[in-house]
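To start, the structure under review is shown below, and the notes come after it.
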Amino acid sequence: MNPSSFSAPRRMGALALALGLAAAHGAVLAGAEAPVSAPDPAPEPAADKPSWSFGGFGTLGAVHSGERGADFTSTILKPNGAGHTRRWSGDVDSRLGVQLDIAPGQRWSAVLQVVSEQGLDNNYSPIVEWANVKYQATPDLALRAGRIALPLFLVADHRKVGYAIPWARPPIELYNLVPISNSDGVDLAYRWQSGAVKHVTQAFYGRSVVKLWDGASAKARGLAGIANTATVGAATLRASVFSSSLTIDILRPMFDAFRQFGPQGAALAERFDVDPKRATAWSAGASYDPGRWFVMGEFGSMNTDSYFGDRTSMYASAGYRLRDFTPYLSYARTRVHSATRDDGLNLAGLAPPLAAAGAALNAGLNAALIAVPVQSNITAGLRWDFSPNYALKLQLERITPRGGSPGTLVNTQPGFRSGRPFHVASVLLDFVF
């Protein structure tokens, strides 16, 4: 993909900054071609002449949802948003990020990125998004250690830099498959070429911990994977796969209660609990951007063999540039391929108090199974690069949760009904500095 052409040619200076924030991190690791096209890098500093740079990015957004029975958010890692909690919300997309890049010499460099946005604790406490050190072993091979972006999707390296993407936000149907955006560990990237096709192959290993609520957390241990980005002319292709040992303990009390019901309860807990389960995910995406227009799409799968679900998601998007304006259209969907209902415990012959407790556990299990996102989304939007470093975006979405699922909505209320389409309107100002 080529985010540098999402704005008019006279905006290239601002986009160089936006992409520089991402390029200092992503698969530019190998010191040359990146999975996103960027202006030619400046000459490397001499080994005895350290350099540094400081910049940032942000989004000011307001989002309206017509669904009053739940909240629309940009990620499932937010506690509320637009809809039930408030008709208009500024928390869905608003964020501020800063980044410091240091290069002591030709071979060593480091990056620190801090982002402030709404978290599950409902505040804007800054978090460290990236913090790593890179060693350029050869012109084509680089190694990093620290907190690193997961290279799982086309815009993974700059998914939080709104200025560098055409839409209001990355399609939530796909990007919520793996809502975590970084891991703590190591990676290496190797740049190579096959004919006219330029490649960056990245291998990574680490772990990621996300604090949820009430002391619960999601932990991905032994997170290992590989990604390859290929570019030829105006075309970019990225494919990635990873596997990890996943533990999500938010429903641990329920599954501990299941185990009190003997072998059948223990079997249900073993089948559906995420404690731990092997999770695997893969994605493949492509974009073609000759300048005046762009088309891009991705497909991904996440398998957990648990109540968390086995899902596939996709999106396709296209836009056309008219000077400083870029109208675009997108279609996205996410589907579940695992059980969304289970008979649960056999309550026959149990004493009334035990039967009542078992029925409550069965209801809790089925509530977790049906909550796996299933939905479709039709989107129309307009981006206006009205000034260097600034872009205004207007976006309208028609979202339909399906199959009894709330889709990607959070904070669902008793009156929510799946299968009923609703509209989301977004107004955003993206900027870099």
Side-chain angles (χ1 to χ4, degrees), residues 69-71 73 75-80 84 119-122 176-180 207-222 244-281 302-311 336-374 401 403-418:
D71 284 333
T73 66
T75 169
I76 59 174
L77 298 179
K78 288 181 179 287
N80 52 60
H84 171 73
L120 280 169
D121 55 3
N122 215 22
N176 266 339
L177 274 182
V178 186
I180 58 175
R207 66 192 300 268
S208 184
V209 178
V210 178
K211 294 182 180 179
L212 302 175
W213 49 86
D214 298 331
S217 63
K219 300 176 182 178
R221 299 182 178 90
S244 73
S245 177
L246 181 65
T247 298
I248 303 175
D249 57 14
I250 191 169
L251 295 183
R252 178 168 294 169
M254 183 181 77
F255 288 114
D256 286 345
F258 266 111
R259 293 183 177 92
Q260 302 304 310
F261 280 78
Q264 66 164 332
L268 287 167
E270 176 65 23
R271 178 182 175 188
F272 291 111
D273 196 5
V274 192
D275 187 31
K277 287 292 178 66
R278 177 57 52 180
T280 58
M302 178 72 167
N303 302 299
T304 64
D305 194 27
S306 69
Y307 79 86
F308 206 58
D310 298 336
R311 291 185 287 153
V336 63
H337 303 283
S338 53
T340 57
R341 186 187 180 283
D342 192 88
D343 291 337
L345 295 166
N346 182 355
L347 306 178
L350 294 180
L354 285 177
L361 290 174
N362 290 343
L365 174 61
N366 283 297
L369 294 175
I370 200 63
V372 178
V374 180
S405 166
T408 59
L409 295 170
V410 303
N411 195 26
T412 55
Q413 303 299 306
F416 173 79
R417 288 192 295 125
S418 183

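Predicted model only: the values in this text are computed from it and were never measured.
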Could you check T73 against N80 for side-chain contact (heavy atoms from CB on, under 4.5 Å), going step by step and ending with a plain yes or no?
CA-CA 7 Å; T73 66; N80 52 60; 5.8 Å; no

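- Annotation: side chain of T340 is not in contact with side chain of V372 (no heavy-atom distance under 4.5 Å).
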Let's go through K219 and S208 carefully: what are the C-alpha distance in whole Å and the side-chain angles of both, what is the deciding distance for side-chain contact (heavy atoms from CB on, under 4.5 Å) to 0.1 Å, and is it a yes or a no?
CA-CA 6 Å; K219 300 176 182 178; S208 184; over 6 Å; no

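- From D71, atom CG reaches atom NZ of K78 across 12.0 Å, with rounding to the nearest 0.5 Å.
- Under the 4.5 Å side-chain criterion, counting only non-hydrogen atoms from C-beta, F261 is not in contact with L268.
- The side-chain heavy atoms of D275 and R252, taken from C-beta on, include a pair separated by under 4.5 Å.
- You'll find the side chain of Q264 reaches within 4.5 Å of the side chain of L345, heavy atoms only.
- Taken from OG1 in T408 to CG in L177, the straight-line distance is 11.0 Å, to the nearest 0.5 Å.
- Going from atom CZ of F272 over to atom CG of L251 covers 12.0 Å, rounded to the nearest 0.5 Å.
- Atom CD of Q413 is surrounded by more than 12 heavy atoms from other residues, nucleotides or ligands within 6.0 Å.
- The distance from the CD1 atom of I180 to the CG atom of L77 is 9.0 Å, given to the nearest 0.5 Å.
- Across all non-hydrogen atoms, the minimal contact from P276 to T247 is CB-OG1, 3.2 Å.
- Across every non-hydrogen atom of D305 and D310, the tightest pair is N-OD1, 3.1 Å.
- In this structure, T304 and A279 approach most closely via the heavy-atom pair CG2-CB, 4.2 Å.
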For I248 and L212: C-alpha separation, side-chain torsions, deciding distance, then whether side-chain contact (heavy atoms from CB on, under 4.5 Å) applies.
CA-CA 9 Å; I248 303 175; L212 302 175; 4.3 Å; yes

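- Of all the heavy atoms in P401 and P406, the pair that sits closest is CB-C, 3.8 Å.
- Between F416 and L409 there is a side-chain heavy-atom pair separated by less than 4.5 Å.
- Side-chain contact check for I370 versus R341: every heavy-atom pair is 4.5 Å or farther apart.
- Residues P373 and R311 share a closest heavy-atom pair of CG-NH1, 3.6 Å.
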Checking L361 against F255 for the side-chain contact (heavy atoms from CB on, under 4.5 Å) test, could you report, in this order, the C-alpha distance in whole Å, the side-chain angles of both residues, the deciding distance, and whether it holds?
CA-CA 9 Å; L361 290 174; F255 288 114; over 6 Å; no

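- One distance of note links CG of N362 with CG of D342; it measures 8.0 Å at 0.5 Å rounding.
- Proximity of S244 to R221: side-chain heavy atoms (C-beta onward) are nowhere separated by under 4.5 Å.
- Atom CE of M302 and atom OG of S338 lie 11.5 Å apart (nearest 0.5 Å).
- Side-chain atoms of D249 come within 3.5 Å of backbone N or O of S217 as a donor-acceptor pair.
- You'll find the side chain of R259 reaches within 4.5 Å of the side chain of D273, heavy atoms only.
- Closest non-hydrogen pair, A355 versus L347, comes out as O-CD1, 3.7 Å.
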